[in-house]
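Everything numeric in this text was worked out from a predicted model, so none of it was measured.
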Amino acid sequence: DRQADGIGVAERLPDGAPLHVVADDEALPAELLAEDAGDGRLRERGRVLRVQGGVEDVRGEDRIGQAVNQARRAGKAVLVMLVSIDRFGEISDVLGEAASAQLMQDITTRLRMCARTSDAVARLDGDRFAFVMQLASADDSVLLPEKIMAAFDRTFELGTGRDVAVSCSLGASIFPDDAAAADALIKNASIALHHAESSGANRYQFFSNEMNARARHRLEIESGIRRALANGELRVYYQPKINVSTRQVAGLEALVRWQDPDRGLVSPLDFIPIAEESGLIEQIGHWVLEETCAQARRWQAAGLPPVRASVNVSARQFRNCNFVPLVESVLARTGLEPEWLELEITESMLMGDIGAIVNRMQDLRRTGVSLSIDDFGTGYSSLSYLSRFPITTLKIDRAFIADVQDNPQHEEIARAIIGMSHGLNLEVVAEGAEVKEQVDFLHTHGCHLIQGYYYSRPLPAEDFASLLRNGLVERSPAAK
């Protein structure tokens with residue numbers, strides 16, 4: 001056994017010999033140097049598993065390769081499984097350093113108890129682990145993940161009067177079904193883990209060829225986004241918000257589109273989730289904010305009536321400590337007055353440290369911009385907190401508008417949100433209105449700002465400018 005980050009991790013090879021886990025840049029301990037004789041024989045025999053960084057950096061291919069060779073000779077299977085502790089960073093922030101270290105030690109102990117003495121178990125980095133085990137057949141592969149998931153059904157007692165509920169996500173690949181080489185098994189297990197995490201976490205997932213195809217597609221899209229940012233392939237389209245009473249444009253929402261030279265106009269549903277996962281959403285969000293503010297100022301300079309422009313803010317942007325100064329610098333650079341900018345945040349972003357969220361909102365409001373909660377009614381924010389948020393606008397989610405004329409429950413929810421908005425002195429906007437019955441219902445119950453295909457699809461800048469020049473807006477010819 002060796003100590004990794006102060007936590008004992010037991011690893012043994014199928015022949016009972018210990019598997020030594022060391023950091024990639026760590027020298028072999030003295031007791032192993034003699035056995036290694038300086039010529040790497042320990043590593044050649046799979047006795048040393050070097051670990052660095054994340055899953056993709058695991059240097060245990062020789063260990064897995066040895067297990068594969070043994071399994072091939074014996075006609076058996078090998079399971080390579082990666083385990084990730086869900087939301088451990090957030091849990092650690094809440095618990096503090098000492099308690100989170102104790103929790104990780106307890107997690108490690110519980111994971112070790114799930115393994116057999118012949119299995120290899122390694123802690124990879126802060127919240128990830130790897131298992132390598134030989135199986136009599138691939139049909140036995142479900143036993144370990146089921147055992148681990150069951151182990152996490154019990155809370156962890158920290159000895160401070162606190163019980164902490166923790167879940168984990170697992171990704172697995174199997175020799176010979178999924179791959180024959182160690183590096184491919186690791187890659188496939190990593191793909192499966194990513195699928196488990198992106199599917200809601202707290203689950204296990206075995207690799208499949210379909211997953212591999214999706215992973216390749218994801219990499220292609222991510223690479224394409226990077227190229228799009230570098231080559232200016234992104235576009236901003238503008239969807240008007242119409243005042244039903246006056247039939248005039250009262251605002252707009254800026255929506256990013258990707259004009260790919262090969263695929264044409266790419267739907268944001270295809271690339272925004274990948275941009276969020278990869279972190280590229282911050283670059284995209286910054287570009288959209290800058291472009292929208294500059295375009296709004298150009299329209300004003302051309303003598304068109306000013307309207308407030310709404311820009312979506314991602315969770316990554318909102319949590320970035322430099323976001324408020326960035327907004328201020330964009331406004332200063334483009335010359336747009338802050339009263340003509342509204343930042344939209346989704347309701348799901350309001351979960352977490354309410355005090356910190358309120359402080360960030362107040363900092364943004366002090367710049368003079370407006371704040372809107374998008375997709376309201378779909379998240380889990382407490383209504384008791386709503387009055388604390390310094391927001392100016394609520395947007396009713398399109399899910400409640402789509403069948404408001406036929407669904408009594410959605411009708412009541414929409415009516416309640418409108419009434420609550422009025423009571424809190426907030427502007428209320430309904431998005432997704434496509435038919436006259438929806439618009440009539442909303443107008444009758446006091447929601448006078450409508451955004452949806454009934455009036456207009458998102459438009460390129462030149463077409464939106466024509467809309468501003470025309471003044472009054474009739475319903476879209478495509479509307480029902």
**Report entry** Candidate pair Tyr455 and Val244, rule side-chain contact (heavy atoms from CB on, under 4.5 Å), full reasoning
**Finding:** CA-CA 10 Å; Tyr455 284 111; Val244 182; 3.9 Å; yes
Query raised in the report: Are Glu339 and Arg308 close enough, and set up right, to give a salt bridge (Lys or Arg N to Asp or Glu O under 4.0 Å), and what steps lead you there?
Result: CA-CA 7 Å; Glu339 65 182 294; Arg308 184 180 297 145; over 6 Å; no
Requested in this report: Decide yes or no on side-chain contact (heavy atoms from CB on, under 4.5 Å) for Leu442 and Ile401, but give the supporting numbers first.
Outcome: CA-CA 9 Å; Leu442 293 164; Ile401 306 302; 3.8 Å; yes
Requested in this report: Applying side-chain contact (heavy atoms from CB on, under 4.5 Å), run through Leu364 and Phe318 and close with a yes or a no.
Outcome: CA-CA 10 Å; Leu364 287 168; Phe318 185 76; 4.0 Å; yes
Requested in this report: Decide yes or no on side-chain contact (heavy atoms from CB on, under 4.5 Å) for Phe88 and Val166, but give the supporting numbers first.
Outcome: CA-CA 8 Å; Phe88 187 76; Val166 178; 5.7 Å; no
Report task. Go through Thr108 and Gln105 one step at a time and tell me if the side-chain hydrogen bond (donor to acceptor under 3.5 Å, both in side chains) criterion holds. Result -> CA-CA 5 Å; Thr108 304; Gln105 185 169 352; over 6 Å; no
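In this structure, a donor-acceptor pair under 3.5 Å is present between the side chains of Asp86 and Ser169. For Arg298 and Gln295, the side-chain atoms include at least one donor-acceptor pair closer than 3.5 Å. In this structure, a donor-acceptor pair under 3.5 Å is present between the side chains of Gln239 and Gln451. Checking Glu342 against Ser370 by side-chain atom types alone, no donor-acceptor pair falls below 3.5 Å. Judged by distance alone, the side chains of Asn407 and Glu411 never bring a donor and an acceptor atom under 3.5 Å apart. Inspection of the Ser92 and Ser100 side chains reveals an N or O donor paired with an N or O acceptor under 3.5 Å.
Nearest heavy-atom pair across Arg226 and Glu222 is NH2-OE2, 2.9 Å. Smallest separation of non-hydrogen atoms from Gly355 and Arg388: CA-NH2, 4.4 Å. For the pair Val249 and Val307, the tightest heavy-atom approach, listed with the atom from each and the gap, is O-CG1, 3.6 Å. For the pair Val83 and Cys168, the tightest heavy-atom approach, listed with the atom from each and the gap, is CG1-CB, 4.1 Å. Of all heavy-atom pairs between Ala172 and Leu79, the closest is CB-CD1, 3.6 Å. Residues Leu170 and Ala196 approach most closely at O-CB, 3.6 Å, considering heavy atoms.
For Arg110, there are no salt bridge (Lys or Arg N to Asp or Glu O under 4.0 Å) partners, not counting sequence neighbours.
Here the side chains of Phe207 and Ile174 are not in contact, with every heavy-atom distance at 4.5 Å or above. At least one side-chain heavy atom of Phe323 sits under 4.5 Å from a side-chain heavy atom of Val313. By the 4.5 Å heavy-atom criterion applied to side chains, Thr346 and Ile373 are not counted as neighbours. Counting only heavy atoms from C-beta outward, the side chains of Ile191 and His195 never approach each other to under 4.5 Å. A 4.5 Å side-chain heavy-atom check between Ile284 and Leu229 finds at least one atom pair inside the cut-off. Side-chain contact between Asp163 and Phe156 is absent, with no heavy atoms from C-beta onward closer than 4.5 Å. Counting heavy atoms from C-beta on, the side chains of Met81 and Val132 never come closer than 4.5 Å. By the 4.5 Å heavy-atom criterion applied to side chains, Val428 and Leu449 are not counted as neighbours.
Judged purely by atom type and a 3.5 angstrom limit, Arg457 has no side-chain atom pairing as donor or acceptor with the backbone of Tyr454. Distance alone, capped at 3.5 Å, places no donor-acceptor pair between the Asn320 side chain and the Arg316 backbone. Listed for the Ser329 side chain is a donor-acceptor partner under 3.5 Å among the backbone atoms of Leu326. With hydrogens and angles disregarded, a donor-acceptor distance shorter than 3.5 Å links the side chain of Ser173 to the backbone of Leu185. Between the side chain of Arg203 and the backbone N or O of Ala201, at least one donor-acceptor pair lies under 3.5 Å. Judged purely by atom type and a 3.5 angstrom limit, Thr292 has no side-chain atom pairing as donor or acceptor with the backbone of Leu289. For Gln438 (side chain) and Glu434 (main-chain N/O), a donor-acceptor pair under 3.5 Å exists by modelled atom type. Counting only distance, with no hydrogens or angles, the side chain of Ser190 and the backbone of Ile186 share no donor-acceptor pair below 3.5 Å. Under the 3.5 Å distance criterion, the side-chain polar atoms of Asn243 are matched with a main-chain donor or acceptor of Ser245. Under a 3.5 Å cut-off, the side chain of Arg365 and the backbone N or O of Val369 do form a donor-acceptor pair.
Interatomic distance, Leu341 CG to Arg297 CZ, rounded to the nearest 0.5 Å: 14.0 Å. Taking CG from Asp374 and CG from Leu394, the interatomic distance works out to 10.5 Å, rounded to the nearest 0.5 Å. Expressed to the nearest 0.5 Å, how far OG1 of Thr334 lies from CH2 of Trp340 amounts to 14.5 Å. The CD atom of Glu328 sits 12.0 Å away from atom CZ of Arg333, with the distance rounded to the nearest 0.5 Å. Note: Leu468 CG to Asp463 CG = 11.5 Å, rounded to the nearest 0.5 Å. Once rounded to the nearest 0.5 Å, the distance linking OG of Ser84 with CZ of Phe129 reads 9.5 Å.
Taking a cutoff of 4.0 Å between a charged side-chain nitrogen and a carboxylate oxygen, Lys241 and Glu344 qualify as a salt bridge. Contact check on Lys395 versus Glu253 returns a salt bridge, with a Lys/Arg side-chain nitrogen under 4.0 Å from an Asp/Glu carboxylate oxygen. Taking the charged nitrogens against the carboxylate oxygens, Arg128 and Glu197 do have a contact shorter than 4.0 Å, which makes a salt bridge.
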Sequence neighbours excluded and cut-off under 3.5 Å, please list the side-chain donor-acceptor pairs for residues 263-277, or say none.
residue	atom	partner	partner atom	Å
Ser267	OG	Leu269	N	3.1
Glu277	OE1	His194	NE2	3.1
Glu277	OE1	Arg218	NE	2.9
Glu277	OE1	Arg218	NH2	3.3

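Atom CG of Asn425 has 12 or fewer neighbouring heavy atoms from other residues, nucleotides or ligands inside a 6.0 Å radius. The 12-atom threshold is not exceeded at CD of Glu97, counting heavy atoms of other residues, nucleotides or ligands nearer than 6.0 Å.
Note: Phe441 and His445 have tilted aromatic rings, judged against thresholds of 30 and 60 degrees for the angle between ring planes. Aromatic ring pairs are classed by plane angle as parallel below 30°, tilted from 30° to 60° and perpendicular above 60°; the pair Phe464 and Tyr238 is tilted.
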